[in-house]
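Every chain is numbered from 1 and lettered A, B, ... according to where its sequence line falls, protein lines coming before strand lines.
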2 protein chains.
Amino acid sequence: MDEEKKRKEDCPLCDKIEYSYQLIGKKWIGLIIHTLLDGPKRFSEIHAYIPDLSKRVLNERIKELEDCGIINRNVIPTRPIRTEYSLTIKGTELGKALVPVEQWAKKWL
Amino acid sequence: MDEEKKRKEDCPLCDKIEYSYQLIGKKWIGLIIHTLLDGPKRFSEIHAYIPDLSKRVLNERIKELEDCGIINRNVIPTRPIRTEYSLTIKGTELGKALVPVEQWAKKWL
DNA sequence: TAAATAGGTTATAAAAAGTAACTAACATCA
DNA sequence: TGATGTTAGTTACTTTTTATAACCTATTTA
């Protein structure tokens, strides 16, 4: 067995760390979570906050974040129908974990 | 002027926050910084730590991280020549800012 | 009736990342 | 001396992700 594989097997946390970096390493994920951290938002509101993010990709990201339990989708039965997205507890904690990165940005960029 | 543009102009930090998320939103950036946080490493060492990252992209990421002052490139004039990469202070602080994300991963994944 | 809004979907194009083979410069093995 | 290996990449080509823009259904407002 080669060294790098050995290292991975010896460290079950590495998978989780790697996974988390793949997650926030997807384009727009960080900004979407940041946007939702100050409260639930509708599809078009998120889109207005991040205008460079296309609706197609926003929709894709929302589904991915739902699938991994980071956001909730709430369909509000008003007329016209509205869908609201909010962070789960898991998602809120990820959002809070990203705050130091924002502070770094404030200081260094 | 539309609302989203207004919001951006009202918040000069938004650019920095957005930029930081685009930075860590690039594939492999987080893991590379994480890897260098425990000490300087050579090209092939980083590659051994992150075997799924191709040499082509590793090289590209290294250049990008150098360009934005996050890592240093040290050519060591041994025979054969070795290059060592280390985090700058700016880079080290980014690495530390990412630790809460790793703790989140440990807890939730 | 016409245009607008909300929350998407679709088709297609461009950009980013993956794969594998190749290189230069030297070192070691036999 | 020649074959093989190492380090730090580069190159050409393929696949995957993102971007762009048009379209859609249901409903509301002018």
Side-chain angles (χ1 to χ4, degrees), chain A residues 2-5 8 18-19 21-33 35-36 39-68 71-86, chain B residues 1-7 18-19 21-36 39-68 71-87:
Chain A
D2 43 25
E3 274 311 302
E4 56 268 24
K5 278 205 173 167
K8 261 196 172 178
E18 201 171 323
Y19 181 87
Y21 282 124
Q22 298 291 5
L23 182 69
I24 64 167
K26 292 209 102 174
K27 203 166 177 183
W28 306 113
I29 290 275
L31 269 179
I32 292 168
I33 292 169
T35 301
L36 290 175
K41 303 236 170 335
R42 282 178 292 128
F43 187 90
S44 53
E45 287 179 302
I46 301 171
H47 190 234
Y49 271 86
I50 317 172
D52 291 342
L53 163 59
S54 69
K55 292 196 286 179
R56 201 189 64 71
V57 175
L58 174 53
N59 198 42
E60 201 173 290
R61 289 296 171 273
I62 281 173
K63 277 173 190 155
E64 290 161 356
L65 289 169
E66 251 193 289
D67 286 348
C68 60
I71 66 176
N72 284 318
R73 182 175 198 263
N74 256 46
V75 178
I76 302 166
T78 51
R79 309 272 203 77
I81 215 164
R82 275 146 199 274
T83 45
E84 201 172 67
Y85 298 97
S86 57
Chain B
M1 187 189 299
D2 44 25
E3 273 312 303
E4 57 267 25
K5 279 206 172 167
K6 202 170 184 178
R7 183 190 60 83
E18 201 171 323
Y19 181 88
Y21 282 125
Q22 299 292 4
L23 181 69
I24 64 166
K26 292 208 103 174
K27 204 166 176 183
W28 305 114
I29 289 274
L31 268 178
I32 292 168
I33 292 170
H34 167 85
T35 301
L36 290 175
K41 304 237 169 334
R42 284 178 292 128
F43 186 89
S44 52
E45 287 178 303
I46 302 172
H47 190 233
Y49 271 86
I50 317 172
D52 291 343
L53 163 58
S54 70
K55 291 195 285 179
R56 199 188 64 72
V57 174
L58 174 55
N59 197 43
E60 201 173 289
R61 288 299 169 273
I62 282 173
K63 278 174 190 154
E64 290 161 355
L65 289 169
E66 250 193 291
D67 286 348
C68 61
I71 66 176
N72 284 318
R73 181 175 197 264
N74 256 48
V75 178
I76 303 165
T78 51
R79 309 274 201 75
I81 214 164
R82 275 148 200 272
T83 44
E84 201 173 68
Y85 297 98
S86 57
L87 292 173

Have a look at B/Lys55 and say if it touches a base, only the backbone sugar-phosphate, or nothing, with a 4.0 Å heavy-atom cut-off.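 Since a base atom lies under 4.0 Å of B/Lys55, the category is base.
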
Base, sugar-phosphate, or nothing: which does B/Ser54 touch, judged by heavy atoms less than 4.0 Å apart?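 The residue B/Ser54 makes base contact.
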
Output the rounded distance in Å from [atom1] ([X]) to [atom2] ([N]).
| X | N | atom1 | atom2 | value |
| --- | --- | --- | --- | --- |
| B/Arg42 | D/dG9 | CZ | C1' | 14 Å |
| A/Glu60 | C/dG8 | CD | P | 14 Å |
| A/His47 | C/dA6 | NE2 | P | 12 Å |
| B/Leu53 | D/dA8 | CG | C1' | 14 Å |
| B/Arg82 | C/dA27 | CZ | P | 11 Å |
| B/Glu45 | D/dG9 | CD | P | 13 Å |
| A/Asn59 | D/dT17 | CG | P | 17 Å |
| A/Ile76 | C/dA6 | CD1 | P | 13 Å |

B/Phe43 side-chain proximity, nearest of D/dA19, D/dG9, D/dT7: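 That would be D/dG9.
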
Within the structure, does a side-chain N or O atom of [X] lie under 4.0 Å from either OP1 or OP2 of [N]?
| X | N | result |
| --- | --- | --- |
| A/Lys63 | C/dT9 | yes |
| A/Thr83 | C/dG7 | yes |
| A/Arg56 | D/dT17 | no |
| A/Arg73 | C/dG8 | yes |
| A/Tyr85 | C/dA6 | no |

Do [X] and [Y] have side chains that approach each other closer than 4.5 Å (heavy atoms only, starting at C-beta)?
| X | Y | answer |
| --- | --- | --- |
| A/Ile46 | A/Tyr49 | no |
| A/Ile32 | A/Leu53 | yes |
| A/Asn74 | A/Pro40 | no |

Map A/Ile62 and B/Lys27 onto DNA chain C by nearest heavy atom, then report which one ends up closer to the 5' terminus.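 Closest to the 5' end, via its nearest nucleotide, is A/Ile62.
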
Under 3.5 Å: donor-acceptor pair, side chain of A/Arg61, backbone of A/Lys27: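 Pair found, side chain donor or acceptor close to backbone of A/Lys27.
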
Side chain to side chain contact (heavy atoms under 4.5 Å, CB included), that's the test. Do B/Phe43 and B/Ile62 meet it? Break it down for me. CA-CA 9 Å; B/Phe43 186 89; B/Ile62 282 173; 3.8 Å; yes

